[in-house]
Amino acid sequence: MKKILAFIPLICLALSSAAQDNPWQWYPDSNGAQDRTVVFADLVVNGSVVPLYDISSHYLVGAFIDGQCRGMAEVVTGLHSWMQIEVYGNYTNAADDGKTISFRLYDKASNTEHALTTSRAVTWNQESYGSPSQDHVVLSAWLNHDEAVVTYPARLTLSKLHDVQLKLTHANPQETVVDLSQVQLVISKGPNAWTVATATGSGLDWTLRGIAVGEYDYYVTYAGRQMPSDAGTISGKLIIPAEVGYENGWDWISTYMPTSYALVNPSTGDYLSTLNIDNNNKIIEIRSQQQALYNDPQSGIFGDLTELTAAAGAYKIKSTFEEKNQYTKVFNFGTAHGKNTRSVLVTQLQPGYNWINYPHEQNHTLDYLQYLLSANATEGDVIIGRDAFIEFTGYEWVGTLKTFEAGKGYIYYSANSEPANLNWGNYYLPQETIAQPQAQQVWQYDAHLYASSMPVVAVIDGVEDADRYSVGAFVGDECRGYGSAADGHHFFISVAGNMGEEVSFKLYDSVTGTYTDLSRTVRYAATAGSLKAPVTFNATQGIKAAAAETMTLAYSGGNITVNGTRMPIRLCVRDLSGNTVLTSDRQATSVEALPAGVYLVTVSSGSATKTIKITK
């Protein structure tokens with residue numbers, strides 16, 4: 001929490017001595033020990049910092065362990081002024097060590113006692129919390145709730161990168177109107193990674209979007225005065241856990257968190273029951289590159305995979321969840337900041353295939369990461385996602401993998417004969433605004449049915465304008481994937497399937513809307529083709545035939561009309577002697593200026609040609 005205020009210097013005044021003139025008495029019990037935990041503190045009452053010169057005249061502050069008063073606050077002056085609380089305890093006494101220290105406030109004006117909340121957890125451990133000049137523990141209480149205009153949730157959990165509505169509560173029935181301009185919401189710590197927006201109306205509706213994993217203090221002010229939470233505290237907690245989602249069927253996942261996710265109960269060694277709710281809702285298998293976990297209908301859960309970690313790289317996970325609204329499930333890794341591990345994220349690569357994690361909390365585009373991924377790459381390196389991939393040309397990455405997603409796993413093929421490092425950059429890269437990709441309507445397939453993805457790099461003879469085409473991959477009549485010409489020449493095709501299957505391919509022309517069978521099949525393997533040695537298909541005759549079937553050439557009312565093609569056209573009109581009498585590049589051409597007679601009309605568009613005879 002932000003430092004609330006610096007106290008002004010004043011004469012030394014012990015609160016414990018001031019208590020002797022007050023009917024309410026707390027008597028600190030040293031518990032027969034000389035050890036101390038020292039707490040340097042600030043006091044906040046009703047949302048406002050209490051100046052040191054007012055504390056002694058209005059309040060007493062006591063520290064308690066298990067209901068016993070173990071210390072009283074003293075106001076100390078020097079270069080800085082502060083409130084110091086020495087909490088008695090015995091380090092050799094297990095009953096004291098690690099115990100939570102609570103604090104209470106005595107209000108002399110109303111002769112009442114109140115619990116104080118702390119800005120962070122304080123336990124007895126013979127250490128110091130804060131120092132005279134900084135990092136004070138903030139002790140707070142709200143005594144006059146009737147003065148509050150609004151309250152807010154003391155604890156709110158957000159799902160990262162999803163909008164959550166925060167509703168403030170109208171706290172004072174006598175306050176009939178909340179002035180929108182007077183309501184402010186403050187998130188007081190954490191990276192600058194929030195979007196906070198007010199809604200229309202009374203100012204009680206807000207929209208929060210959590211960008212970075214962690215726990216953040218927040219509070220609400222009205223007309224500059226801090227409001228209490230619905231639990232009476234002067235601030236609340238925003239909780240953003242790391243949730244790694246996995247979809248029904250096979251998915252590729254990874255974690256960016258420094259903390260591991262245990263799949264077994266640490267006390268019993270048994271696998272967690274959440275892995276197997278019932279026969280229709282369970283995780284069936286999890287694979288890492290080195291370990292595996294299986295959920296057998298007869299034998300139950302077994303294997304050597306006991307936790308999910310970033311160090312293990314990617315995981316392939318197969319699940320089935322038939323519960324309503326349970327298409328996507330999550331592993332909740334908690335709120336520990338990944339930045340605590342290292343400032344620069346480096347993945348070590350061995351020659352050949354490496355199952356790697358994506359270590360960032362945020363999604364990032366290939367364009368944004370290009371300079372990082374290229375720094376130590378070798379020509380021929382390939383990064384494979386579940387349904388897209390890229391290859392390194394020697395100076396840049398090209399392919400269909402346009403965005404790296406947080407929580408997803410990838411496979412890196414290293415063409416280097418020696419171990420190499422992949423530098424992903426700093427943990428908190430700036431957030432990108434990433435456009436949603438357009439849905440693919442031509443090829444329909446379900447990659448979740450299969451654990452593997454085969455990257456195919458191909459070229460197609462007979463294709464002049466590669467961008468107008470896409471390629472679908474098939475095993476029998478089942479579509480298993482598709483690809484496009486990411487560099488204007490090579491087709492990058494991702495194919496889901498099983499080793500040894502025979503894969504055939506079809507070409508789709510987006511201009512004519514036609515499909516053409518390609519000339520060869522490929523046996524399913526780890527990969528097929530590369531930029532240097534692509535798989536070569538021949539589709540020249542099929543493309544010509546398909547284009548010729550869709551293009552039409554007609555003559556009516558003195559006009560020649562061409563339809564069924566979006567490619568540039570060349571129209572030529574000849575007389576029966578073979579002389580060219582008219583040319584055109586328009587889809588509708590008038591022949592009114594020609595003398596009466598018989599003519600041959602030929603139109604060419606791309607690789608298609610058609611000829612008709614007309615009589616004028």
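In this chain, numbering begins with 1 at the start of the sequence shown.
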For this session: Please confirm whether the backbone N or O of Thr552 pairs with a side-chain atom of Asn563, one donor and one acceptor, at under 3.5 Å?
Result: no
Exercise. Parallel, tilted or perpendicular for Tyr368 and His364, by the 30°/60° rule?
Worked result: parallel
Seminar exercise, completed: Test side chain to side chain donor-acceptor pair (under 3.5 Å), reference Asp251, set Lys408, His448, Lys318, output is Lys408
For this session: May I ask you to decide if Trp355's main-chain N or O and Gln289's side chain share a donor-acceptor pair within less than 3.5 Å?
Result: yes
Exercise. With distance as the sole test, does Asp381 use its side chain to make a donor-acceptor pair with the main-chain N or O of Ala415 at under 3.5 Å?
Worked result: yes
Problem set entry | Interatomic spacing from OH in Tyr413 to CD1 in Ile383 - rounded to 0.5 Å | 14.0 Å
For this session: Taking the side chain as every heavy atom from C-beta outward, state whether Val398 and Leu531 have any pair of such atoms under 4.5 Å apart.
Result: yes
Exercise. Is the shortest heavy-atom distance from the side chain of Tyr445 to the side chain of Glu478 under 4.5 Å?
Worked result: no
Seminar exercise, completed: Between Ala458 and Phe537 the two heavy atoms that sit nearest each other are CB-CE1, 3.5 Å
Exercise. Do side-chain atoms of Ser453 reach the backbone of Asp387 as a donor and acceptor pair under 3.5 angstrom?
Worked result: no
Problem set entry | Pairwise distance CG(Asp446) to CZ(Arg480) - rounded to 0.5 angstrom | 11.0 Å
Problem set entry | Main-chain N/O of Phe321 paired with Asn248 side-chain donor or acceptor, under 3.5 Å | yes
For this session: For the residue pair Asp509 and Thr516, establish whether any side-chain heavy-atom pair is separated by less than 4.5 Å.
Result: no
Problem set entry | Side chains of Ser414 and Asn354 in contact at under 4.5 Å (non-hydrogen atoms) | yes
Exercise. Would you say Tyr256's side chain and Ala406's backbone share a donor-acceptor pair under 3.5 angstrom?
Worked result: no
Exercise. Hey, mind stepping through Ser504 and Asp517 against side-chain contact (heavy atoms from CB on, under 4.5 Å) and telling me if it holds?
Worked result: CA-CA 8 Å; Ser504 61; Asp517 290 330; over 6 Å; no
Exercise. Where is the tightest heavy-atom contact between Ala447 and Ala496, given as atom of each residue plus distance?
Worked result: CA-CB, 4.3 Å
Exercise. Would you call the rings of Phe404 and Trp424 parallel, tilted or perpendicular, where under 30° means parallel and over 60° means perpendicular?
Worked result: perpendicular
Exercise. In terms of the angle between their ring planes, are Tyr261 and Phe333 parallel, tilted or perpendicular, with boundaries placed at 30° and 60°?
Worked result: tilted
Seminar exercise, completed: Rounding to 0.5 Å, atoms CG (Leu571) and CG (Leu582) come to a distance of 7.0 Å
Exercise. Which atom names give the shortest non-hydrogen contact between Tyr271 and Leu275, and what distance separates them?
Worked result: CD2-CD1, 3.9 Å
Exercise. At what distance, to the nearest 0.5 angstrom, does CD1 of Ile614 lie from OG of Ser556?
Worked result: 11.0 Å
Exercise. With respect to Phe492, which candidate in Trp397, Tyr482, Phe389 satisfies the ring pair (Phe, Tyr, Trp, His ring centres under 6.0 Å) definition?
Worked result: Phe389
For this session: Flag the pair Tyr412 / Thr347 as yes when at least one side-chain heavy-atom distance between them is below 4.5 Å, and no otherwise.
Result: no
Problem set entry | Side-chain heavy atoms of Leu166 within contact of Leu185, under 4.5 Å | yes
For this session: Indicate the atoms forming the closest heavy-atom contact of Met454 with Tyr524, along with that distance.
Result: N-OH, 3.1 Å
For this session: Could you tell me whether the side chain of Tyr353 and the main chain of Gln350 form a donor-acceptor pair under 3.5 Å?
Result: no
Exercise. Has the side chain of Arg523 got a donor or acceptor atom that lies under 3.5 Å from a matching backbone atom of Gly500?
Worked result: yes
For this session: Tell me, with the steps shown, if Arg386 and Glu247 meet side-chain contact (heavy atoms from CB on, under 4.5 Å).
Result: CA-CA 12 Å; Arg386 194 188 60 184; Glu247 299 177 4; 4.2 Å; yes
Exercise. Looking at Gln370, Lys402, Glu432, which hits side chain to side chain donor-acceptor pair (under 3.5 Å) with Thr365?
Worked result: Glu432
Problem set entry | Residue pair Leu263 / Ile286: nearest heavy atoms and the distance that separates them | CD1-CD1, 4.3 Å
Exercise. About how many Å separate CD of Gln587 and CG of Leu553, when rounded to the nearest 0.5 Å?
Worked result: 11.5 Å
Problem set entry | Ser254 side-chain N/O to Asn357 backbone N/O, donor-acceptor pair under 3.5 Å | no
Exercise. So do Trp252 and Glu405 actually touch side chain to side chain, heavy atoms under 4.5 Å?
Worked result: no
Exercise. Taking all non-hydrogen atoms of both residues, which atom of Gly488 and which atom of Asp467 are closest, and how far apart?
Worked result: CA-OD1, 3.8 Å
Exercise. How about Gln165 and Thr207: does a side-chain donor come under 3.5 Å of a side-chain acceptor?
Worked result: yes
Exercise. Looking only at atom types and distance, does a side-chain atom of Thr527 sit under 3.5 Å from a main-chain N or O of Pro455, one as donor and one as acceptor?
Worked result: yes
Exercise. Between Trp443 and Tyr515, how do the two ring planes meet: parallel, tilted or perpendicular, split at 30° and 60°?
Worked result: perpendicular
Seminar exercise, completed: Rounded to the nearest 0.5 angstrom, the CD1-NZ distance for Ile569 and Lys610 is 13.5 Å
Exercise. Can Val457 and Val382 be said to form a side-chain contact (heavy atoms from CB on, under 4.5 Å), step by step?
Worked result: CA-CA 11 Å; Val457 180; Val382 180; over 6 Å; no
Problem set entry | Note, Val475 side chain near Tyr450 side chain (heavy atom, < 4.5 Å) | no
Exercise. Does the pair Ile301 and Ile283 meet the rule for a side-chain contact (heavy atoms from CB on, under 4.5 Å), with working shown?
Worked result: CA-CA 9 Å; Ile301 302 176; Ile283 290 175; over 6 Å; no
Taking only distance into account, with no hydrogens and no angle test, what donor-acceptor pairs under 3.5 Å do side-chain atoms of residues 305-317 form with protein atoms, sequence neighbours excluded?
unit_1	atom_1	unit_2	atom_2	d
Glu307	OE1	Ser260	OG	3.2
Thr309	OG1	Ala312	N	3.3
Tyr315	OH	Thr309	N	2.9
Tyr315	OH	Thr309	O	3.4
Lys316	NZ	Ala451	O	3.4

